[in-house]
Protein chains: 2
Amino acid sequence: MNKALRQRAILDLLRQGPIANQDELQRALRKRGFKVGQATLSRDIRDLQLSKTASGYAFPQGESATAALPPVSRLVREFVLDVRPAGNLLVIKTIVGSAQPVAAALDEEEWPETVGTVAGDDTILIVCPDKQGARKLGRRMEEMLK
Amino acid sequence: MNKALRQRAILDLLRQGPIANQDELQRALRKRGFKVGQATLSRDIRDLQLSKTASGYAFPQGESATAALPPVSRLVREFVLDVRPAGNLLVIKTIVGSAQPVAAALDEEEWPETVGTVAGDDTILIVCPDKQGARKLGRRMEEMLK
DNA sequence: ATTCATAATGAATAACTATTCATTATCATG
DNA sequence: CATGATAATGAATAGTTATTCATTATGAAT
């Protein structure tokens with residue numbers, strides 16, 4: 001039950017390459033650890049306002065799919081447990097299994113302080129350019145935790 | 001068996017308003033005199049590169065549907081039997097039943113010499129600004145007849 | 001006109017997608 | 001922690017679309 005992450009993953013998959021149908025989408029998502037039924041995918045596709053073309057699912061005009069998506073702050077609040085700067089690194093703890101997709105979402109934000117990210121099962125490491133960057137990013141994420 | 005006219009009509013219908021599915025498209029086309037099966041519509045939609053969105057069929061990016069369409073010259077060659085200037089009018093004879101859609105296609109060209117068009121069952125009247133315009137347009141269409 | 005090749009089409013059906021209905025999770029509040 | 005409201009989900013199924021397999025039309029070339 002993590003619609004938010006799943007829908008982000010769907011958009012991500014779409015950027016990677018063409019998805020011909022919901023069956024294919026289902027299999028691709030399963031590889032990423034999302035196990036859902038076809039009905040749910042049909043709903044996701046409606047939510048994201050995707051359209052089906054001869055060559056697979058496509059984004060709507062003007063990248064408005066991103067708009068239909070919950071903001072990262074909501075993801076952080078929902079899945080992140082702890083944030084700790086450590087030198088020029090930021091160590092983020094998430095509920096188990098969510099580190100990977102949350103990291104992907106953070107990546108997409110393209111914050112200037114993120115040089116790179118690595119994600120395990122329940123831990124994300126964000127590499128920042130320097131100690132100051134890590135602290136700044138840390139504060140921003142603490143803020144999101146409400 | 002007049003794919004060319006039918007596909008033009010489909011695009012025209014799409015401009016008029018939303019078409020939710022092929023059943024609806026089939027009924028709308030029938031009103032215009034095109035009687036075809038669902039299978040054919042599925043093929044037309046592929047040909048025209050339309051995509052299906054939550055709010056019905058939509059044009060592809062960049063109006064490229066027009067590109068997938070045969071040029072007017074082909075329509076004229078196929079459906080027009082005779083062209084005769086008469087003062088500032090151009091009288092066009094078509095095979096029976098095609099005047100209406102052919103006139104629609106000619107209209108869309110927005111030639112400067114066409115002030116307006118009226119179409120019956122097998123006859124199109126194109127009103128031109130003057131005698132010269134009618135003759136010029138007449139020559140252009142004769143040309144299309146090969 | 002006959003023949004041949006190609007294109008267009010429909011009926012039947014396979015494939016795919018959306019919805020309904022019931023169930024389960026989540027969350028706020030007493 | 002119960003309870004009720006709301007959201008998310010899946011199984012079954014209804015609805016929709018794509019494809020297959022014949023068949024028919026069209027046009028070119030004898």
Side-chain angles (χ1 to χ4, degrees), chain A residues 1-10 13-14 18-30 33-58 60 68-70 74-75 77-81 95-98 101 145-146, chain B residues 1-10 13-14 18-30 33-58 60 68-70 73-81 95-98 101 145-146:
Chain A
M1 199 162 269
N2 42 11
K3 190 158 75 138
L5 291 180
R6 186 184 60 242
Q7 294 192 346
R8 274 177 182 275
I10 290 174
L13 285 168
L14 244 54
I19 303 281
N21 52 43
Q22 298 181 5
D23 217 51
E24 191 176 324
L25 179 56
Q26 188 173 42
R27 282 194 296 272
L29 283 172
R30 181 160 312 185
F34 296 98
K35 184 168 149 296
V36 282
Q38 173 268 326
T40 295
L41 297 184
S42 173
R43 293 170 184 128
D44 284 343
I45 284 165
R46 169 165 42 65
D47 289 354
L48 296 170
Q49 301 169 231
L50 302 179
S51 64
K52 192 186 184 186
T53 74
S55 52
Y57 286 101
L69 223 46
R74 183 152 131 27
L75 290 186
R77 191 144 27 83
E78 191 166 354
F79 299 103
V80 171
L81 301 177
I95 64 180
V96 304
S98 311
L145 291 177
K146 198 171 68 58
Chain B
M1 200 162 269
N2 42 10
K3 191 158 75 138
L5 292 179
R6 185 184 61 243
Q7 294 192 346
R8 275 178 181 273
I10 290 173
L13 285 168
L14 244 56
I19 302 281
N21 53 42
Q22 297 181 4
D23 218 51
E24 191 176 324
L25 179 57
Q26 188 173 41
R27 282 193 297 272
L29 283 172
R30 182 159 312 185
F34 296 97
K35 183 168 150 297
V36 283
Q38 174 269 325
T40 295
L41 297 184
S42 173
R43 293 171 184 128
D44 284 343
I45 285 165
R46 169 165 43 66
D47 290 352
L48 296 170
Q49 300 169 232
L50 301 179
S51 64
K52 192 185 184 186
T53 73
S55 51
Y57 286 101
L69 225 45
S73 58
R74 184 152 131 27
L75 290 187
V76 171
R77 192 143 29 81
E78 191 165 353
F79 298 104
V80 171
L81 302 178
I95 64 179
V96 304
S98 311
L145 291 177
K146 198 171 70 59

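So that the names make sense, note that chain A is the first sequence line, chain B the second, and so on, each numbered from 1.
If you measure from atom CZ of A:R77 to atom P of C:dC27, you get 11 Å, rounded to the nearest angstrom. As a whole-Å value, the separation of A:R30 CZ from D:dG10 C1' is 13 Å. Atom CZ of B:R6 and atom P of C:dA8 are 9 Å apart (whole Å). The CD1-P distance, from B:I19 to D:dT17, rounds to 11 Å in whole Å. If you measure from atom CD of A:Q26 to atom P of D:dG10, you get 9 Å, rounded to the nearest angstrom. In this structure, A:D47 atom CG and C:dT19 atom P are separated by 12 Å, rounded to whole Å. A:L29 has its CG atom 11 Å from the P atom of D:dG10, to the nearest Å. One atom, CG of A:L48, and another, P of D:dA8, lie 13 Å apart when rounded to the nearest Å.
The side chain of A:T40 places an N or O atom within less than 4.0 Å of a non-bridging phosphate oxygen (OP1 or OP2) of D:dG10. Between B:K52 and the phosphate of D:dT17, there is a side-chain N or O to OP1/OP2 separation shorter than 4.0 Å. In this structure, A:R43 does not reach the D:dA7 phosphate: none of its side-chain N or O atoms is under 4.0 Å from OP1 or OP2. For A:R46 and C:dT17, the shortest distance from a side-chain N or O to OP1 or OP2 is not below 4.0 Å. An OP1 or OP2 oxygen of C:dT17 is reached within less than 4.0 angstrom by a side-chain nitrogen or oxygen of A:Y57. Contact annotation: A:S42 does not reach the phosphate of C:dT17 (side-chain N/O to OP1 or OP2, under 4.0 Å).
Between the side chain of A:Q26 and the backbone N or O of A:L41, no donor-acceptor pair lies under 3.5 Å. Of the possible polar contacts, none joining the A:N2 side chain to the A:L5 backbone as a donor-acceptor pair under 3.5 Å is found. No donor-acceptor distance shorter than 3.5 angstrom exists from the side chain of A:Q38 to the backbone of A:D23, with no hydrogens or angles considered.
B:D44 comes within 4.0 angstrom of no nucleic acid atom, judged by non-hydrogen atoms across all strands.
Which of C:dG10, C:dA18, D:dA18 sits closest to the side chain of B:Q22 comes down to D:dA18.
For the residue pair B:D47 and B:Q7, a side-chain donor N or O sits within less than 3.5 Å of a side-chain acceptor on the partner.
Using a 4.5 Å heavy-atom threshold, the side chains of B:T40 and B:R6 count as touching.
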